[in-house]
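See structure below.
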Amino acid sequence: MLNPKKIEHIIQQIQDNLPKGIKDLGQDAEAEVKQVLQAQLSKLDIVTREEFDVQTQVLMRTREKLMALEKRVGELLGEKAQ
């Protein structure tokens, strides 16, 4: 899920760029925009940068372990062939 502060920042940017007449529609419009934006963003298949970085590190460690196991299997098979 996206950080609520980032959502607030996006909403504020949208509001800052709206014409004055639209800005005057009031808090109801702001709440509606916020609700629709949050609903649409929650449907996206995204992860935070932190989650991505953690999963990248997990993948790197897993890859290192796999390479070590492949090397060990190769060594064991090499010993049996001799």
Side-chain angles (χ1 to χ4, degrees):
M1 188 68 181
L2 286 179
N3 183 340
K5 289 182 182 180
K6 288 184 180 185
I7 293 172
E8 292 288 336
H9 179 70
I10 292 169
I11 291 170
Q12 187 61 48
Q13 286 179 324
I14 292 170
Q15 288 176 341
D16 290 346
N17 291 302
L18 291 174
K20 181 157 176 44
I22 294 176
K23 286 182 188 178
D24 294 338
L25 290 177
Q27 302 247 344
D28 290 340
E30 178 183 347
E32 183 68 25
V33 169
K34 187 184 297 184
Q35 182 180 11
V36 170
L37 183 58
Q38 286 177 332
Q40 294 303 315
L41 289 174
S42 69
K43 292 179 183 178
L44 297 176
D45 190 18
I46 56 176
V47 296
T48 64
R49 183 66 190 184
E50 181 180 341
E51 290 172 297
F52 179 82
D53 291 342
V54 167
Q55 290 303 314
T56 300
Q57 291 172 357
V58 169
L59 179 59
M60 288 173 50
R61 286 192 305 270
T62 303
R63 187 175 291 148
E64 290 170 358
K65 289 179 182 181
L66 176 61
M67 290 172 58
L69 287 172
E70 287 175 339
K71 181 180 177 183
R72 182 69 179 135
V73 168
E75 290 170 354
L76 290 171
L77 291 175
E79 290 174 6
K80 288 185 178 186
Q82 293 176 1

What's the spacing between Glu32 CD and Leu37 CG if we round to 0.5 Å?
11.5 Å

Which pairs count as salt bridge (charged side-chain N to carboxylate O under 4.0 Å, His left out) when at least one residue sits in residues 39-49, sequence neighbours excluded?
Arg49-Asp53

Is there a path of hydrophobic side-chain contacts, each under 4.5 Å between heavy atoms of I/L/V/M/F/W/Y residues, joining Phe52 to Met60?
no

Quick one: do Ile10 and Ile46 end up in the same hydrophobic cluster if we chain Ile, Leu, Val, Met, Phe, Trp and Tyr together by side-chain heavy atoms under 4.5 Å apart?
yes

Look at atom CD of Glu50 and say whether more than 12 heavy atoms of other residues, nucleotides or ligands are closer to it than 6.0 Å.
no

Results of side-chain contact (heavy atoms from CB on, under 4.5 Å) for Glu8 - residues two or more places apart only:
Lys34

Rounded to the nearest 0.5 Å, what's the gap from NE2 on His9 to CD1 on Ile14? Could you check?
10.5 Å

Which pairs would a plain distance check flag for residues 61-74, meaning a side-chain donor or acceptor within less than 3.5 Å of a matching protein atom at least two apart in sequence or in another chain?
residue : atom : partner : partner atom : Å
Thr62   : OG1  : Val58   : O            : 2.8

At their closest point, which heavy atom of Thr48 faces which heavy atom of Glu51, and how far apart are they?
N-OE1, 2.9 Å

